[in-house]
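Every chain is numbered from 1, with letters handed out A, B, ... down the list of sequences. As the structure is a prediction and not an experimental result, all values here were calculated from the model. Only this structure's heavy atoms are used, side chains among them; waters, hydrogens and symmetry mates stay out.
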Protein chains: 2
Amino acid sequence: MKQIIVKKGHILQRKGDLSSKVYHVRRGLLRSYQIDEKGKEHIFMFGPEGWIVADSNSGDEPCELYIDALEDTTLIVTDKNITTEVVDPSPLIKRMGVLQKRILMLMSASAYHRYEHFIHTYPDILQRVPQKMIASYLGITPEALSKVKGEHARDRS
Amino acid sequence: MKQIIVKKGHILQRKGDLSSKVYHVRRGLLRSYQIDEKGKEHIFMFGPEGWIVADSNSGDEPCELYIDALEDTTLIVTDKNITTEVVDPSPLIKRMGVLQKRILMLMSASAYHRYEHFIHTYPDILQRVPQKMIASYLGITPEALSKVKGEHARDRS
DNA sequence: CTTCTTTCTTAATCTAGATTAATGCGCAAG
DNA sequence: CTTGCGCATTAATCTAGATTAAGAAAGAAG
């Protein structure tokens with residue numbers, strides 16, 4: 001368990017790496033993402049203060065996700081394999097709740113509703129990252145997000 | 001920790017319930033699903049032998065998901081709050097890996113590719129549930145799945 | 001301040017998948 | 001056997017969001 005500081009833009013993990021690291025964010029902002037066959041980025045998760053960021057690959061398989069820093073970030077690095085420490089299940093439960101909600105949103109909600117849910121759930125992140133990353137997280141294009149934002153602003157007035 | 005048997009069609013949990021039960025499937029098949037505002041079902045997860053099915057709501061909040069039995073099912077019921085037993089984190093890690101994959105598929109893959117991934121990953125479930133449930137799991141309509149199946153069969157010949 | 005690069009917006013077109021509707025097929029119940 | 005209902009298929013339309021393209025705005029770099 002060591003604490004490190006990474007600069008904005010630093011890549012902590014790439015697809016294919018054999019890392020089994022878990023990153024606990026103390027200050028700053030990480031993101032984990034995939035790059036598909038067409039070279040398009042899809043953000044899996046933002047990791048602001050207090051969050052845990054990791055690839056859920058089982059043990060010794062290569063990573064699926066890239067992880068990098070969107071801001072200068074202070075974090076604690078641990079390893080999944082080292083289970084000497086007692087694992088507190090509550091952050092895992094919370095994380096699963098977030099993933100469950102995300103899946104249900106992707107399956108049943110429109111871009112408009114996903115955006116609305118996002119700004120209510122993560123109002124701070126909205127201010128800290130470019131629109132195109134919000135779009136990537138929501139599973140839509142930046143162009144579509146731009147349109148949705150317009151509709152949303154109109155509805156609020 | 002008690003073992004129970006439920007008949008096909010039995011509903012174990014409804015949205016809004018204050019249950020914090022965890023179902024470990026020994027034999028049979030469960031599913032968890034959501035019903036959206038328009039009354040449409042969206043299957044969150046199938047739970048065949050060896051799987052754990054539960055709503056990832058944190059502690060005392062009401063459930064989001066319905067859970068029912070698609071076959072006569074034998075299962076072990078435990079409670080999330082009772083942490084007297086030591087929790088084995090490995091099923092949780094595996095579960096998170098599945099959820100991660102699911103999110104990335106929903107964000108980046110076409111109906112065709114999601115179907116292909118499904119039949120390779122869960123070939124047995126394909127035989128055990130009606131097409132409309134596969135469609136619901138994939139996040140498409142039964143009509144769209146019918147078309148995709150046709151294309152897939154054509155490609156294989 | 002000026003230039004370069006990245007981000008955001010707007011608009012025109014295109015397409016995967018939704019919706020609607022009609023038909024046929026099991027299969028369980030009487 | 002036959003009636004009825006849930007399921008699957010096919011086809012015609014429709015639409016949310018993708019793609020493409022082109023400018024405007026806003027940072028970063030010198």
Side-chain angles (χ1 to χ4, degrees), chain A residues 7-10 29 31 33-43 46 68-72 104-119 125-155 157, chain B residues 7-9 29 31 33-43 68-72 104-119 125-155 157:
Chain A
K7 283 237 168 284
K8 172 174 177 171
H10 183 79
L29 182 62
R31 75 168 167 165
Y33 60 102
Q34 183 198 36
I35 299 180
D36 68 22
E37 326 78 56
K38 293 156 207 144
K40 209 165 165 183
E41 285 180 13
H42 301 274
I43 294 181
F46 292 111
D68 66 9
L70 299 179
E71 301 173 356
D72 293 352
L104 295 172
M105 293 292 283
L106 285 169
M107 288 204 297
S108 69
S110 67
Y112 185 96
H113 285 300
R114 298 210 295 277
Y115 174 67
E116 211 167 29
H117 177 258
F118 184 86
I119 61 179
I125 291 180
L126 196 67
Q127 317 301 121
R128 291 161 73 180
V129 309
Q131 303 287 351
K132 56 174 242 173
M133 290 193 185
I134 307 289
S136 171
Y137 180 88
L138 295 177
I140 60 177
T141 59
E143 294 84 356
L145 178 55
S146 208
K147 206 178 339 182
V148 164
K149 271 184 62 183
E151 289 163 26
H152 190 260
R154 200 165 311 116
D155 291 356
S157 66
Chain B
K7 283 236 168 283
K8 174 176 174 169
L29 183 61
R31 73 167 167 166
Y33 60 101
Q34 183 199 36
I35 299 179
D36 69 21
E37 326 78 56
K38 293 155 207 145
K40 209 165 166 181
E41 283 181 16
H42 302 274
I43 294 182
D68 67 9
L70 299 179
E71 301 172 357
D72 294 354
L104 294 172
M105 294 291 282
L106 285 169
M107 289 205 295
S108 68
S110 68
Y112 185 95
H113 285 299
R114 298 210 293 278
Y115 174 67
E116 211 167 30
H117 177 257
F118 184 86
I119 61 180
I125 292 180
L126 196 67
Q127 317 300 121
R128 291 161 73 180
V129 308
Q131 302 288 352
K132 56 174 242 173
M133 289 192 188
I134 307 289
S136 172
Y137 180 88
L138 295 176
I140 60 177
T141 58
E143 292 85 356
L145 177 55
S146 210
K147 208 178 336 181
V148 164
K149 271 184 63 182
E151 288 163 27
H152 190 260
R154 201 164 311 117
D155 291 355
S157 68

Worksheet entry | Side chain proximity check, A:Thr141 to A:Lys40, heavy atoms < 4.5 angstrom | yes
Discussion item. Categorize A:Lys40 for me: base, sugar-phosphate, or nothing, with a 4.0 angstrom heavy-atom threshold over every strand shown.
Written reply: sugar-phosphate
Worksheet, complete the sentence: The reported gap from CG in B:Leu126 to CD in B:Gln131 (rounded to nearest 0.5 angstrom) is 6.5 Å
Fill in: Protein-nucleotide distance (B:Ile140, atom CD1; D:dG17, atom C1'), rounded to Å
17 Å
Worksheet item: Of the non-hydrogen atoms in B:Arg114 and B:Gly139, which two are nearest, and what is the gap between them?
Response: NH2-O, 4.0 Å
Practice prompt. May I have the distance from B:Ile134 (atom CD1) to D:dC7 (atom P), rounded to whole angstrom?
Written response: 13 Å
Worksheet item: Rounded to whole angstroms, how far apart are NZ on A:Lys38 and P on D:dA18?
Response: 12 Å
Practice prompt. If the plane angle is over 60° it's perpendicular, under 30° parallel, otherwise tilted; pick one for A:Tyr112 and A:His152.
Written response: tilted
Discussion item. How many whole angstroms separate atom CE of B:Met107 from atom P of D:dA18?
Written reply: 12 Å
Practice prompt. Give a yes/no on whether any side-chain N or O of B:Thr141 is located under 4.0 angstrom from OP1 or OP2 of C:dG17.
Written response: no
Discussion item. In the structure I gave you, are the side-chain heavy atoms of A:Phe46 and A:Met133 within less than 4.5 Å of one another anywhere?
Written reply: yes
Worksheet item: In whole angstroms, how far is the P atom of D:dA16 from the NE2 atom of A:His152?
Response: 18 Å
Extract from the structure each pairing of a protein N or O with an N or O of nucleotides 4-10 of chain C at less than 3.5 Å, listing the distance.
{"unit_1": "C:dT7", "atom_1": "OP2", "unit_2": "A:Lys132", "atom_2": "NZ", "d": "3.3"}
{"unit_1": "C:dC8", "atom_1": "OP1", "unit_2": "A:Gln131", "atom_2": "N", "d": "2.6"}
{"unit_1": "C:dC8", "atom_1": "OP2", "unit_2": "A:Gln131", "atom_2": "N", "d": "3.2"}
{"unit_1": "C:dC8", "atom_1": "OP2", "unit_2": "A:Lys132", "atom_2": "N", "d": "3.0"}
{"unit_1": "C:dT9", "atom_1": "OP1", "unit_2": "A:Lys149", "atom_2": "NZ", "d": "3.3"}
{"unit_1": "C:dT9", "atom_1": "OP2", "unit_2": "A:Ser146", "atom_2": "OG", "d": "2.9"}
{"unit_1": "C:dT9", "atom_1": "O5'", "unit_2": "A:Ser146", "atom_2": "OG", "d": "3.0"}

Discussion item. Could you tell me how far apart B:Leu138 (CG) and C:dA18 (C1') are, to the nearest whole angstrom?
Written reply: 15 Å
Discussion item. Expressed as a whole number of angstroms, how long is the span from B:Gln127:CD to D:dC7:P?
Written reply: 18 Å
Fill in: Atom-to-atom span, CG of B:Leu126 to C1' of D:dC7 - whole angstrom
15 Å
Worksheet entry | Backbone of B:Lys8 reached by a side-chain donor or acceptor of B:Asp72 within 3.5 Å | yes
